[in-house]
Amino acid sequence: MAVVAHINNNANANVGVGAKVTVNEDGRSIRELLRGLEVFAGPLPAFDPSATPSEPVGLFTAWLSEALAAGVREPHAMTLSTVDEAGDPQARVLILKNVDTSGWQFAVHGASPKGRQVAARPSAALTFYWPLQGRQIRVRGAVTPESAERAAAGGRAPGPQGQMRTL
């Protein structure tokens, strides 16, 4: 069953739901433009979710290696999703600093919105999307601060105001 959702953008509340917004000189709406785009072009790799390992790090590193070998730009870019103080979801793109058996490491500035959000609600989700591979990886869980020693190991220290976190 498909679910169609609408996210209200308060900045455009005066436009009205269903109003046609044109995007180019031929008069096509954004909806028409999007409906004309090909979805998941090309062959997708075989994937059996029931065959995934209970420990996801091995599968992730294998797929990351394949993305690197294929020349995927910025395969370490990921979307970090958190929840703000009002309970509204927030998302932004960060760079993965490391992954090991303890989790996925990333850096945040403690005074930034994302730093305050993971401190107040230490739970988040990461999404990696490699369209040329036809792969998307989602990771979610508790976010814990790294020790200063572990963050500094291997040159991963995020700077004097930064904090390393692990999901």
Side-chain angles (χ1 to χ4, degrees), residues 1-10 37 39-167:
M1 176 164 100
V3 175
V4 177
H6 174 82
I7 296 176
N8 184 19
N9 178 358
N10 291 331
L37 296 175
V39 178
F40 299 117
L44 295 176
F47 179 66
D48 179 5
S50 66
T52 58
S54 60
E55 173 54 52
V57 171
L59 180 60
F60 175 83
T61 56
W63 284 7
L64 177 63
S65 295
E66 290 175 20
L68 286 164
V72 172
R73 284 189 56 171
E74 301 169 349
H76 58 327
M78 61 187 185
T79 301
L80 169 69
S81 300
T82 58
V83 177
D84 68 15
E85 53 280 347
D88 294 326
Q90 301 287 321
R92 77 287 286 151
V93 176
L94 297 179
I95 298 298
L96 178 68
K97 301 296 184 182
N98 190 32
V99 63
D100 59 25
T101 56
S102 68
W104 282 254
Q105 288 93 40
F106 57 93
V108 299
H109 189 287
S112 72
K114 66 182 167 288
R116 291 189 311 270
Q117 289 162 8
V118 296
R121 292 189 170 150
S123 183
L126 303 174
T127 305
F128 295 83
Y129 179 52
W130 303 321
L132 296 177
Q133 303 336 99
R135 291 196 168 135
Q136 170 179 248
I137 299 170
R138 297 175 295 152
V139 180
R140 65 181 180 173
V143 177
T144 57
E146 288 283 11
S147 68
E149 296 80 26
R150 185 163 157 85
R156 293 191 322 260
Q161 300 297 318
Q163 301 172 353
M164 287 294 291
R165 302 287 178 149
T166 298
L167 179 95

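By convention here, the first residue in the shown sequence is residue 1.
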Colleague: For Asp48, what residues pass the side-chain hydrogen bond (donor to acceptor under 3.5 Å, both in side chains) criterion, not counting sequence neighbours?
Modeller: Ser50
Colleague: Is there any salt bridge (charged side-chain N to carboxylate O under 4.0 Å, His left out) pair reaching into residues 102-127, and which pairs are they, with sequence neighbours excluded?
Modeller: none
Colleague: Using the salt bridge (Lys or Arg N to Asp or Glu O under 4.0 Å) criterion, which residues pair with Glu66? Sequence neighbours excluded.
Modeller: Arg135
Colleague: Determine, step by step, whether Phe106 and Val143 satisfy the side-chain contact (heavy atoms from CB on, under 4.5 Å) criterion, reporting the C-alpha distance in whole Å, the side-chain angles of both residues, the deciding distance to 0.1 Å, and the verdict.
Modeller: CA-CA 10 Å; Phe106 57 93; Val143 177; 4.1 Å; yes
Colleague: Nearest 0.5 Å, what's the CG-CG distance between Leu126 and Leu94?
Modeller: 8.0 Å
Colleague: If the condition is ring pair (Phe, Tyr, Trp, His ring centres under 6.0 Å), which residues does Trp63 pass it with, not counting sequence neighbours?
Modeller: Phe47
Colleague: Who passes side-chain hydrogen bond (donor to acceptor under 3.5 Å, both in side chains) against Gln90, sequence neighbours left out?
Modeller: Asp84
Colleague: Starting from the C-alpha separation in whole Å, work towards a yes-or-no answer on side-chain contact (heavy atoms from CB on, under 4.5 Å) for Trp104 and Asn98.
Modeller: CA-CA 6 Å; Trp104 282 254; Asn98 190 32; over 6 Å; no
Colleague: Just distance, no hydrogens or angles: give the donor-acceptor pairs under 3.5 Å from side chains in residues 52-61, sequence neighbours left out.
Modeller:
{"from": "Thr52", "atom 1": "OG1", "to": "Pro49", "atom 2": "O", "distance (Å)": "2.9"}
{"from": "Glu55", "atom 1": "OE2", "to": "Val57", "atom 2": "N", "distance (Å)": "3.4"}
{"from": "Thr61", "atom 1": "OG1", "to": "Val57", "atom 2": "O", "distance (Å)": "3.1"}
{"from": "Thr61", "atom 1": "OG1", "to": "Gly58", "atom 2": "O", "distance (Å)": "3.0"}

Colleague: Show me, pair by pair, the donor-acceptor contacts under 3.5 angstrom made by side chains of residues 72-82, not counting sequence neighbours?
Modeller:
{"from": "Thr82", "atom 1": "OG1", "to": "Arg92", "atom 2": "NH1", "distance (Å)": "3.0"}
{"from": "Thr82", "atom 1": "OG1", "to": "Gln117", "atom 2": "OE1", "distance (Å)": "2.4"}

Colleague: How long is the gap from CZ on Phe128 to CG on Leu96, to the nearest 0.5 Å?
Modeller: 4.5 Å
Colleague: Which pair of heavy atoms, one from Val99 and one from Gln105, lies closest together, and at what distance?
Modeller: N-OE1, 3.7 Å
Colleague: Output, in order, the C-alpha distance, side-chain angles, deciding distance and verdict of side-chain contact (heavy atoms from CB on, under 4.5 Å) for Tyr129 and Ile137.
Modeller: CA-CA 7 Å; Tyr129 179 52; Ile137 299 170; over 6 Å; no
